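Heads up, the thing below is written out as structure tokens.
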Amino acid sequence: MYMKNAAYEVAKVFEGVERFENRIVAFVDVMGIRSRMKNAETPQELEMFSKLMHMYNNQPFAEDKIETIMFSDCMYLVAEPQYIKELICLLSNFAYNLLVNRTTEITLKEEGGFESNNLWDCFKLRGGITYGKILVLDEQAKKEKISFNSNIVLGPSVIAAYELESKQAIYPRIIVDEAFLSLLDMNQLSYEECYLVEDKNDKLYYLDFWKYMFKGKCGPVDFLIGCIKYVRKELDEAVKEENEKLVKQLKWFIEYLEDKVRCSMQ
């Protein structure tokens, strides 16, 4: 009977490794899922979240362009520099569809007909994007035509992307660092065409996913209002629990969404 030798497989992959590769590296985390997991009484309570994570881990347009490594409520995304716009597209769609997540409740009226009501469950994405040295073992194995599946990523940019998300992003936003901005400059891509805007308070650039989805237009105002109402309820709970960190995060996000509503009035 053949016994797999995991140490040998890793050694074979590393035989062809000469150096780290320079790649775009993003690390994203879905806020609030850790708490849901702790409090979940049945696996079905996490089904919708799992569907969304799996769906965006398997987007056809990103196949062979963006490597995704997913675990729990987090995901690494790795791409070569020529796929900047594909990465922006994937992250924007992911953030948008997490936010507008909802089920529609249909109620039959006694006098005939029916009415529908959206039940919102707005997930919020936070992350960081950098550019630099990384090794994706599964990618290396593909190059060498070795059957290998490890979900292992290594290198300085793995840590840099994680620290951007965990230490600097703070709010429900995906920020970028100087290394990524320098890559845009090198490729003659403007911040505007990558839908990056500067936060006036901390001067960090972040991905304006709503602007990307509607190319600068307001988008569906009813969606915005539904999301704002949902996040305001979360804010009320955070205030009651005296969770100052979460209160600041939700206030920032409400302001972001309300700014999109204001654009419809101009």
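Values in this document were obtained by computation on a predicted structure and should not be read as measured data.
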| request: Could you check Y171 against D199 for side-chain hydrogen bond (donor to acceptor under 3.5 Å, both in side chains), going step by step and ending with a plain yes or no? | output: CA-CA 11 Å; Y171 311 113; D199 191 306; over 6 Å; no
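- With salt bridges taken as basic N to acidic carboxylate O contacts below 4.0 Å, one links R232 and E258.
- Between Y206 and W252, the ring center distance clears the sub-6.0 Å criterion.
- A donor atom on one side chain and an acceptor atom on the other are not found under 3.5 Å apart for D177 and Y205.
- In this structure, Y195 and W210 have side chains that are not in contact, with every pair of non-hydrogen atoms separated by 4.5 Å or more.
- Side-chain rings of Y76 and F27 approach one another, their centers coming within less than 6.0 Å.
- Between F214 and Y96, the ring center distance clears the sub-6.0 Å criterion.
- Side-chain atoms of D259 do not come within 3.5 Å of backbone N or O of E255 as any donor-acceptor pair.
- Note on D222 versus K229: no salt bridge recorded, every NZ/NE/NH1/NH2 to OD/OE distance being 4.0 Å or above.
- A donor-acceptor distance shorter than 3.5 angstrom exists from the side chain of Q59 to the backbone of M55, with no hydrogens or angles considered.
- For K215 and Y212, the positive end sits near the middle of the six-membered ring, less than 6.0 Å away and at most 45° from its axis.
- Using a distance-only test at 3.5 Å, with no hydrogens or angles considered, no donor-acceptor pair links the side chain of Q168 to the main chain of E163.
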